[in-house]
Amino acid sequence: MAVEEGVEQVVAPPQKAKEPSEDEKRRKKIAAGALMKAVMRPGGGDSTPSDGYQVVYHSTVRTLDGVIVESSRSEYGGKSLCKGTPIRHVLGKSKIIVGLLEGIPTMLKGEVAMVVSDDLGVVKKVITEGQGWESPREPYEVKAWISAKTGDGKVLVSCTQGEPFFFNFGKSEVPKGLEMGIGTMTRKEKAIIYVTKQYLTPSPFLPVVEGVEEVHFEVELAHFIQVRDMLGDGRLIKRRIHDGKGEFPMDCPLHDSLLRVHYKGMLLNEEKTIFYDTRVDNDGQPLEFCSGEGLVPEGFEMCVRLMLPEERALVTCPPDYAYDKFPRPANVPEGAHIQWEIELLGFEMPKDWTGLNFQSIMDEAEKIRNTVLREFNHVNPQDDEEGKIFANTRNLLHLNVAACFLKMGECRKSIETCNKVLEANPGHVKALYRRGMAYMTLGDFEEAKSDFNKMIKLDKSTEADATAALQKVKQKEQEVEKKVRKQFKGLFDKKPGEIAEAGTEDGDQPAVENPKNDDREDSDGDNSDESHETAEDVPRSSWLSFLWPKRLLAALGRPGCTIL
């Protein structure tokens, strides 16, 4: 092969061959034709086992002249360690005779096994599939029907009738191997869990049984109650008391969401004193809040994030995750341990604002802020410092809402929102500024100038902003005047008599209106009939007078002008 000059030829190093497994080495020793299988009785199904499958089988080993060397069957003496019980192996993990290693994978499927422990000391065979995928874990509360038998079928314990056996997961109330197997099961699942003696730890359910190498537990997982140690130290505990809808945790509000909950707050004293109940103290309305914004105690939000819709949970919370670091209700003492009974009614994930138009984004922002402001009604500051922080935060939210209204063109709503701040604090310069901008946008220039001038009197540091705003008001006034002059160019260059003549060319008498009665309406029936003489005269004598009030005419330098 030709190689161009100056170009280095790179040859990839040969990849190291993968080391063959022990089973593969053993298989290579089998000569062609040395291993044959004859089907004496057809099996069922159409699947064969492979690595990872548990196979349960009887085996009898004979010499070519028919002498039994070893057998698991009792009728042949059960000469193996099995003593009449079937042999269990997991393909790919158990070390078995090479002939069986090759032959069993060609046989029709019997069952599938789950290896729970790496040393095959705990193996589970699924009899009936369960529901969902959540499995019990520490410190869940578990109910199950359980029976325990030796390998030859002797019953050790039977709890299959009446109420299922109840135990706390992780508290050594059942043998370790049994708990390991149940920890892989789902609701309503039925299974056989094979546990060897090293995993048969003493427990209230099954005391130590001497001389037993393995116990077979037949288990039906009736129910389990989710109990979560949220901090890992036993202080913040969430206990589910009513199942919700959906799959845990995929259908939980793990991400920041708008949440709707009913809750009842209780003190952990002997009386279990209720200090707040949304169904009683909130006119039956649920609490709505956005997670991730610090609007509820930290322990409360942590637990709600792990709830399913329609789930009810009982939360026990220490003071540092309850109200020690959050505005405390008046009837909750400092340092109190709290218990909340919470029902998650539902939640809404925040909308993806990508691609939304401006109006839609503003609508979403308004909805979120209004929700927050509504929930501020539940906050009760405990002292002056808390009251100051609370008032400042609420005012800030109101002013943000006012800014949104202003950008949306809802000037009246913006003014109303600013008024809520000014009612509590008439000297709030930021509210005056925001309201002044809304007045200016509406064309209420006098009101706008009044708010901006108040700012300067109250706080000299705002003089620059207020002065700039006043200059803007002046520019707006000039723009309006210029626009009006342009629209009615030539109309105000005529004398009042000339306007009257122009308006009554076809009439017998001019319709003269007293300037002092400029604001009087024509609909009271006291006017002369001259205004109704012809249809053509009606618009000439009425619409301009309704359109332009005296204040605007005065601004144009024509305070005594009469529109006929």
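- Ring-plane geometry between Tyr433 and Phe452 is classed as tilted, the angle between the planes lying from 30 to 60 degrees on a 0 to 90 degree scale.
- Between Met266 atom CE and His337 atom NE2 the span is 15.0 Å, to the nearest 0.5 Å.
- The closest side-chain donor-acceptor pair between Lys264 and Gln339, if any, does not fall under 3.5 angstrom.
- Listed by chain and residue number, Arg235 satisfy the salt bridge (charged side-chain N to carboxylate O under 4.0 Å, His left out) test with Asp233 (two or more places apart in sequence, or in another chain).
- To the nearest 0.5 angstrom, Lys124 atom NZ is 4.0 Å from Glu189 atom CD.
- Tested against Ile237 for a side chain to side chain contact (heavy atoms under 4.5 Å, CB included), the candidates Val315, Leu231, Leu314, Val227 yield a single pass: Val227.
- With sequence neighbours excluded, the residues satisfying side chain to side chain contact (heavy atoms under 4.5 Å, CB included) with Glu477 are Phe445, Glu446, Lys449, Val473.
- Rounding to the nearest 0.5 Å places CG of Leu399 at 12.0 Å from CZ of Arg394.
- Between Glu141 and Arg239 there is a salt bridge, with a side-chain nitrogen of the basic residue lying less than 4.0 Å from a carboxylate oxygen of the acidic one.
- How far OG of Ser414 is from CE of Met437: 10.0 Å, rounded to the nearest 0.5 Å.
- Of the candidates Arg312, Arg260, Arg279, Arg279 is the only one forming a side chain to side chain donor-acceptor pair (under 3.5 Å) with Glu343.
- Qualifying side chain to side chain contact (heavy atoms under 4.5 Å, CB included) partners for Ser450, counting only residues two or more places apart in sequence or in other chains: Lys454.
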